[in-house]
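As the structure lists them, so they are numbered: ligands from 1, and atoms in each ligand from 1. Source: prediction; values computed, not measured.
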Amino acid sequence: MVMNAKGRPTQAGDTAPQQIAPPTHTGNRALLIEEPLIFESGDFSGSGVDLPEPGDSPLRLGGYEAAAAPALPGLSEPEAMRHYVRLSQKNYAIDMGIFPLGSCTMKHNPRLNERMARLPGFADIHPLQPQSTVQGALELIDRLAGWLKELTGMPAVAMSPKAGAHGEFCGMMAIRAALAARGDIATRRRVLAPESAHGTNPATAVQCGFTVDAIPADDGGRVDLAALKERLGTDVAAIMVTNPNTCGLFERDIRAIADAVHEVGGFFYCDGANFNAIMGKARPGDLGIDAMHINLHKTFSTPHGGGGPGSGPTVLADSLAPFAPLPSLISDGTGFRLIEHERDNSAGQAFGRLVAFHGQMGMFVRALTYMLSHGADGLKQAAEDAVLNANYVLARLSGVMTPAFEGHCMHEALFDDRFLKETGIGTIDFAKAMIDEGFHPMTMYFPLVVSGALLIEPTESESKQGLDVFCDALIGLAGDAQSGLVERFKAAPVYAPRRRLDETRAARQPVLRWEPKDPAALAAE
Ligand SMILES: *Cc1c(COP(=O)(O)O)cnc(C)c1O
């Protein structure tokens, strides 16, 4: 039996001699259950509930009655429940292990947050309820807004954006409204964004009607200030910069960037998705930033992934505050009140409304719970620990993998694929082998400015012991790659319920919906 350095068997289930795994009759492998689509498991003629047959009642729909039963699988409650629980068990989750996706900040969401979000006074309210009956919820939004303004050193915040990208949209629409108000919108059409920008930045600029001009990075992975200055002019509406940037580095020239953009009359939008690394340490308001979204679902825990829910409040400087979207929340002597309409808005210049109601209440509760349970000192420590953990990973892996840039990092450690050079193994193969080791791979091939990038963000809540297990696995894999075990990498993952996809075929012939094997039989029902 082969033992690893910790004295444990290197192969799972090593109590019996390793044998070739026999095929099973069901296709299941112990707890790895082969789960068909729900449409393939149900019988369309049945129903999961017993209801009496409807009596003969006259049809009153003027001929619009459905001719056939809806094509829903007739599963019982336990069958339906098992289907979804089995599917859920195929998901990797932050509650199962480290989720090292860089840029995404997949941090632990404390159970206390969930408890608070489920309090009926928050969970069961309706956005159309009279405001007098939801004063506590409005106060919570106001307190959260207060914390966000304090942490960022900004005077105003729009709470309604429902994701980071939505917050970018909010900030850029405010910039557009401010330019329009000063009669400048026709001439200022250009937005500058670094080459390393998250894809949402240029997408937002274009969606708001601007064109995008890329700013190159310098050798250190930061914005090239000289190149930036060359691209500045009076046709520039704004610059969009992420800080810390997507290479996991703090933009040291941030004040100079802000001054240069302001000098030509442009605005400074900061992508604040990486605020986790600097909260309590640096305030965007002091760095000359005019607008910045905060991903509550990254920096202040709260679950995310799989499409949401997120929340992206956008803080605004004095110059942009009057253009914030409706609704806005005010408190007067009698309590809290939402300004819903432009006619009630004393500032009178809101760029419009972003969403139907007032934002993502469940996320607000979780984020404020996180803030209050940490306190100001705790938030600062969370940022410090996130940076410390990332630097620990960087230091431990530097010997075998190749850091993309010299020096310390902020909250994420970035490697390039030079350590795989001449091995015939690519970043994707390396990542697939991590799945066999029981890890979710890091962010790969992003940022685009780094060849075969591997971006690792451990977050603050991983222990040293947990990080060591993770680093040991990567060191082992890097060693395997360098000793030429190409087959192992090309075949990976071999232990996952599904092997590697034929990505070319998946892209060329995507099968995006289930089709019944015998459509005629279904329609006849
Ligand atoms: C996550 C992220 C975004 C987008 O946030 P969403 O909530 O996914 O819309 C934008 N920029 C950066 C740098 C990010 O990491």
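If you run side chain to side chain contact (heavy atoms under 4.5 Å, CB included) between Lys107 and each of Ile94, Asn276, Thr302, only Asn276 comes through.
Shown in contact with Thr200 at under 4.0 Å from a heavy atom are these atoms of ligand 1, numbered in order with element: 10 (C), 11 (N). Atoms of ligand 1 found under 4.0 Å from any heavy atom of Asn295 (numbered from 1 in listed order, with element): 1 (C), 5 (O), 6 (P), 7 (O). Near Ala163, the atoms of ligand 1 lying under 4.0 angstrom from a non-hydrogen atom of the residue are 7 (O), 9 (O).
Considering only non-hydrogen protein atoms, atom 2 (C) of ligand 1 sits nearest to Lys298 NZ, 2.4 Å.
Ligand 1 has no N or O atom lying under 3.5 Å from any N or O atom of Cys104, backbone or side chain.
Take Arg176 and apply the side chain to side chain donor-acceptor pair (under 3.5 Å) test, not counting sequence neighbours, and it matches no residue. Not counting sequence neighbours, the partners of Glu251 by the side chain to side chain donor-acceptor pair (under 3.5 Å) test are Asn245.
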Please report the C-alpha distance between Asp429 and Arg500 in whole Å, then the side-chain angles of each, then the deciding distance to 0.1 Å, and finally whether the salt bridge (charged side-chain N to carboxylate O under 4.0 Å, His left out) criterion is met.
-> CA-CA 10 Å; Asp429 308 315; Arg500 210 185 283 205; 2.8 Å; yes
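In this structure, atom 11 (N) of ligand 1 has protein heavy atoms in its sub-4.0 angstrom surroundings.
Look at His297 and you'll find a heavy atom under 4.0 Å from some atom of ligand 1.
For Phe419 and Phe430, the ring centers sit closer than 6.0 Å to each other.
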